[in-house]
Each structure stands twice: as structure tokens, then as C-alpha cells.
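Structure first, then comments.
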Amino acid sequence: ISLDALSKYWAENILLWPISIISGFLSLQYAQNTGIAFSIPLTWTLLKVITVILIFGIFWYYWKEEKKKDSKLLNISYALIIAGALGNAWERILRGYVTDMISVEYFAIFNLADSYITLGAVWIIYYYFKNKS
């Protein structure tokens, strides 16, 4: 959560113009996302309620169902998802937007919290494919 918060602070206060990392593909640039994933618009109140419900739901499910499996991969995956969700929720609730800064040309602009959530989800899918019953 701290690394995500620091990257957002850096993007907002130090990243003054776009920085090309891989020309025509990957760059760093500051953006404010007032919608949900990929800037899909929702009303502020509905977005706030959905965010809180999802975070509690994911945590509750992990605590009741997944924690007992005693898998380091699952534990890390859910930690990443919850950390990413909290990092974005904190900013969305307090500021009304989420700071994004990693831009992939013709795809999206996102932040570290989004990356945590995506990586955690991919690892959960991997875990279940690997451990099919």
C-alpha cells in the first residue's frame, strides 16, 4: 500500500510531463481516474458503496474459505488484491479520483494498485488450474 501511495504522490507532484519508457508502447504520465476500471463512469455514491462492499466481500471470502488452505501463493495473491483495493479505495473515497500513471498505448492507463489486483487474480487462477480436483 505504501509503495502504491508513494508512486501516486510521485506522479501527482513530480511527474510533470509524460516520460516514454518504450517508444510508442509504454510511458509514464499523470492522470486522474474518476471512474472504475478503465475509467468506466459510475455515479460517485454508487462507486463508493460498490468499492466498500467488494473489499469487505473479498476479505471475508479469503478469511472464511481460502485461508484454511494454508497456501503461500493464495495468501500472497489475496494480500495483493486487498492491498490494491485498499490503495485505490482510500484515494477514491478521500479525493474523489484515483491517480494513474502507467500508460500502455492503445490499452489503458493504470497504477501500481491495479497491477497488484491483476497479479493477485492471475496467481489465484494459476493456483486453481494447478490444484484442480
Side-chain angles (χ1 to χ4, degrees):
I1 295 173
S2 296
L3 185 58
D4 175 61
L6 284 171
S7 70
K8 290 172 178 175
Y9 176 85
W10 175 81
E12 189 166 16
N13 294 289
I14 298 171
L15 184 61
L16 303 176
W17 55 84
I19 299 172
S20 177
I21 304 297
I22 300 174
S23 182
F25 177 70
L26 181 68
S27 64
L28 299 175
Q29 62 183 34
Y30 174 74
Q32 293 179 356
N33 180 352
T34 57
I36 58 172
F38 309 111
S39 299
I40 297 169
L42 279 180
T43 63
W44 167 244
T45 304
L46 181 59
L47 185 56
K48 191 173 175 181
V49 170
I50 289 172
T51 299
V52 171
I53 289 170
L54 282 174
I55 292 171
F56 280 112
I58 291 166
F59 183 77
W60 180 85
Y61 177 77
Y62 166 74
W63 193 260
K64 291 291 186 181
E65 301 296 328
E66 303 286 23
K67 189 173 187 240
K68 60 187 168 192
K69 293 177 182 171
D70 198 31
S71 164
K72 286 183 183 179
L73 182 60
L74 280 179
N75 291 343
I76 292 169
S77 298
Y78 277 95
L80 284 170
I81 291 169
I82 292 167
L86 287 173
N88 280 344
W90 174 262
E91 192 174 29
R92 183 175 312 286
I93 290 168
L94 291 180
R95 303 176 90 185
Y97 62 87
V98 172
T99 301
D100 288 334
M101 79 289 295
I102 304 166
S103 178
V104 176
E105 195 74 27
Y106 307 113
F107 175 61
I109 185 164
F110 54 96
N111 58 43
L112 289 181
D114 298 331
S115 299
Y116 301 162
I117 294 166
T118 301
L119 184 58
V122 167
W123 283 353
I124 289 170
I125 292 167
Y126 170 77
Y127 172 86
Y128 280 105
F129 273 115
K130 185 180 170 194
N131 296 296
K132 286 192 282 188
S133 301

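What's counted below: heavy atoms across the whole structure, side chains too, no hydrogens, waters or symmetry copies. Residue numbers run from 1 in the order of the sequence given.
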| request: Would you check if Lys69 and Tyr127 make a side-chain contact, meaning some heavy-atom pair closer than 4.5 Å? | output: yes

| query | Is the closest side-chain donor-acceptor distance between Tyr30 and Asp100 under 3.5 Å? | reply | no

| What distance separates Gln32 CD from Glu12 CD, expressed to the nearest 0.5 Å? | 6.5 Å

| task | Answer yes or no: is there a side-chain heavy-atom contact under 4.5 Å between Leu80 and Trp123? | result | yes

| task | Group every Ile, Leu, Val, Met, Phe, Trp and Tyr by side-chain heavy-atom contacts under 4.5 Å, then state whether Phe56 and Ile117 land in the same group. | result | no

| Would you call the rings of Phe59 and Trp63 parallel, tilted or perpendicular, where under 30° means parallel and over 60° means perpendicular? | parallel

| Passing option when Glu91 is tested against Asn111, Thr99, Asn33 for side-chain hydrogen bond (donor to acceptor under 3.5 Å, both in side chains) | Thr99

| query | Where is the tightest heavy-atom contact between Ser27 and Ser20, given as atom of each residue plus distance? | reply | CB-CA, 4.0 Å

| Rounded distance [0.5 Å steps], CG in Leu74 versus CD1 in Ile124 | 6.5 Å

| query | Under a 4.5 Å cut-off applied to non-hydrogen side-chain atoms, are Tyr128 and Lys132 in contact? | reply | no

| said: Heavy-atom count check: over 12 atoms from other residues, nucleotides or ligands less than 6.0 Å from Lys67 NZ? | reply: no

| field | Test item: Gln29 and Ile109 side chains (from C-beta on) under 4.5 Å apart, heavy atoms | value | yes

| message | Are Ile22 and Phe110 connected into the same hydrophobic cluster when the rule is that any two of I, L, V, M, F, W, Y join if their side-chain heavy atoms are below 4.5 Å apart? | response | yes

| task | Check whether any side-chain heavy atom of Ile102 sits under 4.5 Å from a side-chain heavy atom of Leu112, and report yes or no. | result | yes

| note | Note: Ile19 and Leu15 closest approach over all heavy atoms is CD1-CD1, 3.5 Å

| Joint hydrophobic cluster, Leu119 plus Leu3, side-chain heavy atoms closer than 4.5 Å | yes

| field | Pairwise distance OH(Tyr78) to OG(Ser71) - rounded to 0.5 angstrom | value | 10.5 Å

| task | Check whether Tyr62 and Leu73 end up in the same hydrophobic cluster, where Ile, Leu, Val, Met, Phe, Trp and Tyr are linked by side-chain heavy atoms less than 4.5 Å apart. | result | yes

| message | Within the 3.5 Å criterion, strictly below it, is a donor on Lys8 or Asn13 matched to an acceptor on the partner's side chain? | response | no

| Heavy-atom closest pair, residues Ala113 and Gly84 | CB-O, 3.3 Å

| request: Could you state whether Ile125 and Val122 fall into the same hydrophobic cluster, counting links through intermediate Ile, Leu, Val, Met, Phe, Trp or Tyr residues with side-chain heavy atoms under 4.5 angstrom apart? | output: no

| message | Quick check: closest heavy atoms across Thr34 and Gly96, and the distance to 0.1 Å? | response | CG2-O, 4.0 Å

| Quick one: does Leu28's side chain get under 4.5 Å of Trp10's, heavy atoms only? | yes

| side-chain contact (heavy atoms from CB on, under 4.5 Å) partner of Tyr116, the single match among Ile81, Ile1, Asp4 | Asp4

| request: Answer yes or no: are there more than 12 heavy-atom neighbours, outside Tyr126 itself, under 6.0 Å from its atom OH? | output: no

